[in-house]
Colleague: 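Got a structure for you, questions after.
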Amino acid sequence: MPRELWKGNEAIAEASVRAGLDAYFGYPITPQTEILEYLSKRMPELGRAFVQAESELGAINMVYGAACAGVRVMSTSSSPGVSLMMEGLSYIQGTEVPAVLVNVMRGGPGLGNIAPSQADYNQAVHGGGHGDYHNIVLAPASVQEAIDLTVMSFDLAEKYRTICMVILDGSVGQMMEPAKMPEMRPMQRANWDWATDGRMGKRPRRILSSIYLDPIEEEKLNLRLLSRWKTIQRDEVRYKEYFLDDAEFVIVGFGTAGRVALSAVRQARAKGIKVGLLRPITVSPFPFEAIEQLVGRVSGFLVTEMNSGQMLEDVRLAVKGRVPVEFYGRMGGVVPFTEEILHEIERIASSKLSVDVDPREAWLERMAQAV
Amino acid sequence: MVATNANNLVYERPEGFTDTPTHYCPGCTHGVAHRLIAEVLEEMDLIDRTIGVAPVGCSVFAYNYFDTDFVEAPHGRAPAMATGIKRVLPDRIVFTYQGDGDLASIGMGEIVHAAARGENLTVIFINNANYGMTGGQMAPTTLPGMKTTSSPNGRDVETQGFPIRMAEMLSTLDGVGYCVRRSLHDPKNIRLAKKAIRTAFETQARGLGFSMVELLSTCPTNWGMTPVDSLKFVEQHMVPAFPLGDYKVAAGVAQIKI
Ligand SMILES: Cc1ncc(C[n+]2csc(CCOP(=O)(O)OP(=O)(O)O)c2C)c(N)n1
Ligand code: SF4
Ligand SMILES: [Mg+2]
């Protein structure tokens, strides 16, 4: 396939179709509505299921039903809509069925705005719905990566019978970039040995439910989910490294914040500053080990996010206070400029950092002077 | 003891049932509704290609009793789950089984829109005028003046609103092929209920749109009545408030001969 110009949201939609998306259920919300609109034409044209649901509650439960039937299914939404889906996500995880959910995040809390944001990191990575479960969460930083990770999300969801989320922000969703689409995967339904797709004269009945009335049985489910999660943590961590070989300190940033950080790192390198970038692709499972490897040889970290420091907590957990961790964030739908991050890099390169400084407090003080 | 044979057998477990004893309280008509569904699925030879969707409510374990595939939905979301299943498996028979709290309160959005889209599903709706499972709180179908654990002085319509008549409400939607109300309070009505359930599944099997049978049902435990008094309560108080009848029978459905 040649490279073509694709808009992020439409690229995700087409990539899901190429990956064998069998059913899509969604509800309009900016800045992801193009995905729904694109699929409203594309899916019926291929004889596949498309329903514009009555709400995100309806959409996620349609996803749940189709997932139980054993087909490749996806919904897409943006922050307020994803909040409404939390009940369904918890049930899907409790039932151990695969599903893909894309969240094109926007500024919040509440109705917030429609500007690019990473404020739903905690919701996606550390919880959201009730009960003990983990989602796999992928964070693309370009249109090509959005395509590749969308395709991968279906494989991961099915491999582990889990929810795989793709989180991005409206800037990736709306940007046009040259990208390569995968070939169309031939439409062939998997014949899962757990799907409730009707006995059809072949087998005894099957039940899919998230109920375990006996606490011992529920605990067994919790343990099963946990041991699966441990496998995922061992086998599925993905990240990208830039200029790490001789880096004296390292930026950690995902998605758009990571992309902006990369431009800043390149400019800093041109000025002779030995800084590198670690960009998590799987924000969940988080690349703890990659950070562990860096702790021994770098003098500190700078975490950049479009939120108040949500991934920062995971980086601190990995670093365990052994070297200083600094933070720079923008919130509310504000995307940091390259110069802002470059400024931070220059500040760090020319000052002595301390492990005793609270990175969020220090950042807020610098913000107070700047804003 | 006389051995059971074809001549003296009066009761037999329908093929559509598993041999799991139900957990329902004595005298509860949930069990009657289950049996009618199982009989209809057996008569129509649909057991093998049916997928049921259980609700949250006393019938949460409905999946244990039918010999069909089953999923268990979040509270009120059964019609959405059923939509997801039916859209990807249009040649299967998909039905939801829902209580009045499930369908007419928390799941009002899902049921109305499944009906409006004309989803080719069958809904068996158990109206027992209260939230049975959680101990008898007021439901959207609780009668005016009726005492429940959350309307201890009787439902006061001034502050707690009026009962919702779902069969009437859904019948206004063009996507609906068949929408009726029946009652389970005596043998004659049970026979009529079974015929309606049959018609509802026939509606789906022929692709004639959304079908729902609302069944007036008892909850002796939370009503604080004997099973017999509960049946009388249905006849004397519920039937007048929720009139039995055919609220929508689309032209194609009217031609179905059973
Ligand atoms: C989201 C959510 N809210 C509340 C509950 C608690 N709950 C369980 S069953 C039920 C009411 C069920 O009543 P109904 O649907 O009338 O069924 P019945 O038990 O009367 O057959 C409620 C409120 C729940 N399980 N989930
Ligand atoms: S609580 Fe009421 S509805 Fe539930 S099983 Fe008992 S009698 Fe039936
Ligand atoms: Mg009830």
Side-chain angles (χ1 to χ4, degrees), chain A residues 21-25 27 43 47-73 75 84-92 94-95 97 99 129-130 189 194-211 213, chain B residues 15-18 20 23 41 45-56 60-94 96 106-119 121:
Chain A
L21 182 70
D22 209 325
Y24 173 89
F25 307 99
Y27 188 82
M43 293 293 277
R48 307 183 191 180
F50 171 93
V51 178
Q52 179 174 325
E54 61 274 17
S55 67
E56 289 84 354
L57 267 176
I60 197 67
N61 283 286
M62 292 174 195
V63 166
Y64 185 18
C68 289
V71 307
R72 287 204 151 178
V73 58
S75 186
L84 211 48
M85 292 183 177
M86 285 300 143
E87 176 194 58
L89 294 193
S90 170
Y91 275 76
I92 289 169
T95 311
V97 289
H130 60 284
R189 282 187 184 173
W194 47 260
T196 49
D197 51 358
R199 290 168 39 188
M200 304 309 275
K202 295 185 300 238
R203 56 168 175 79
R205 78 207 182 95
R206 290 177 186 152
I207 298 168
L208 282 173
S209 121
S210 62
I211 301 181
L213 264 200
Chain B
E15 247 180 59
F17 265 164
T18 61
T20 316
H23 66 286
L41 292 178
D45 198 17
L46 292 176
I47 294 160
D48 221 36
R49 60 185 185 102
T50 294
I51 301 157
V53 185
V56 176
V60 65
F61 296 123
Y63 58 71
N64 283 328
Y65 311 133
F66 295 91
D67 201 15
T68 66
D69 276 5
F70 241 95
V71 297
E72 200 290 312
H75 197 16
R77 320 287 174 232
M81 259 190 111
T83 297
I85 298 169
K86 185 76 181 185
R87 290 288 183 123
V88 299
L89 298 169
D91 63 335
R92 310 296 201 270
I93 297 295
V94 181
T96 73
I106 196 167
M108 184 61 104
E110 285 74 17
I111 191 69
V112 169
H113 285 276
R117 288 190 304 266
E119 296 294 341
L121 305 168

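Residue numbers begin at 1 in each chain, while the letters A, B, ... track the order of the sequences.
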Colleague: State, yes or no, whether a side-chain contact exists between A:Ile207 and B:Asn64 at a heavy-atom distance under 4.5 Å.
Modeller: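 Sidechains of B:Asn64 and A:Ile207: in contact.
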Colleague: Might you point out which heavy atoms bring B:Ile51 and A:Thr196 nearest each other, and give the distance in Å?
Modeller: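 Of all heavy-atom pairs spanning B:Ile51 and A:Thr196, the closest is CD1-O, 3.5 Å.
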Colleague: Please classify the contact between B:Phe66 and chain A as side chain, backbone, both or neither, with a heavy-atom cut-off of under 4.5 Å.
Modeller: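 B:Phe66 touches chain A through backbone heavy atoms alone.
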Colleague: Got a sec, which residues hit side chain to side chain contact (heavy atoms under 4.5 Å, CB included) with B:Ala73, two or more places apart in sequence or on another chain?
Modeller: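 Once residues adjacent in sequence are excluded, the partners of B:Ala73 under the side chain to side chain contact (heavy atoms under 4.5 Å, CB included) criterion are B:Val53, B:Ala78, B:Met81.
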Colleague: In Å and rounded to the nearest 0.5 Å, what is the CD to CE distance from A:Glu54 to B:Met108?
Modeller: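 Reported to 0.5 Å precision, the distance equals 13.0 Å.
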Colleague: Do you know which of A:Ile60, A:Ile92, A:Asn61, A:Leu57 makes side chain to side chain contact (heavy atoms under 4.5 Å, CB included) with B:Pro74?
Modeller: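 With B:Pro74 as partner, side chain to side chain contact (heavy atoms under 4.5 Å, CB included) holds for just one option, A:Asn61.
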Colleague: Measuring only between side-chain heavy atoms, which start at C-beta, is A:Arg199 closer than 4.5 Å to B:Ile47?
Modeller: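 Heavy-atom side-chain distance check passes, below 4.5 Å.
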Colleague: A:Gly58 and B:Ala80: which non-hydrogen atoms are nearest, and at how many Å?
Modeller: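 Looking at all heavy atoms of both residues, the closest pair is O-CB, 3.6 Å.
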Colleague: Run the side chain to side chain contact (heavy atoms under 4.5 Å, CB included) test on A:Arg189 and B:Leu89 for me, step by step, so that the C-alpha distance in whole Å, both residues' side-chain angles and the decisive distance to 0.1 Å come before the verdict.
Modeller: CA-CA 11 Å; A:Arg189 282 187 184 173; B:Leu89 298 169; 3.6 Å; yes
Colleague: Measuring from atom SG of A:Cys68 to atom CZ of B:Phe70, what distance do you get when rounded to the nearest 0.5 angstrom?
Modeller: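 Nearest 0.5 Å value for the SG-CZ distance: 12.5 Å.
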Colleague: Counting heavy-atom pairs under 4.5 Å with chain B, which one of A:Asp197, A:Val71, A:Val51 comes out on top?
Modeller: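 If we count pairs closer than 4.5 Å to chain B, A:Asp197 comes out on top.
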Colleague: Go through the atoms of A:Ala195 and report whether side chain, backbone, both or neither lie under 4.5 Å from a heavy atom of chain B.
Modeller: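 A:Ala195 touches chain B through backbone heavy atoms alone.
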Colleague: Hey, are the side chains of A:Arg205 and B:Asp67 touching, using non-hydrogen atoms and a 4.5 Å cut-off?
Modeller: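 Answer yes - side chains close enough.
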Colleague: Below 4.5 Å, heavy atoms only, C-beta onward: do B:Phe61 and A:Leu213 meet side chain to side chain?
Modeller: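 They are in contact (side-chain heavy atoms under 4.5 Å apart), so the answer is yes.
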Colleague: Report the C-alpha separation of A:Tyr64 and B:Val71 in whole Å, then their side-chain angles, then the decisive distance to 0.1 Å, and conclude whether the side chain to side chain contact (heavy atoms under 4.5 Å, CB included) test is met.
Modeller: CA-CA 10 Å; A:Tyr64 185 18; B:Val71 297; over 6 Å; no
Colleague: Heavy-atom count around B:Asp45 CG within 6.0 Å, excluding the residue itself: above 12?
Modeller: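 Result for CG/B:Asp45: open.
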Colleague: Tell me which pairs pass salt bridge (charged side-chain N to carboxylate O under 4.0 Å, His left out) where either residue lies in residues 68-89 of chain B, with sequence neighbours left out.
Modeller: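 Matches after skipping sequence neighbours: A:Glu87-B:Arg77, A:Arg203-B:Asp69, B:Arg77-B:Glu110, B:Arg87-B:Glu119.
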Colleague: Could you walk me through whether B:Ile85 and A:Met62 pass the side chain to side chain contact (heavy atoms under 4.5 Å, CB included) check?
Modeller: CA-CA 7 Å; B:Ile85 298 169; A:Met62 292 174 195; over 6 Å; no
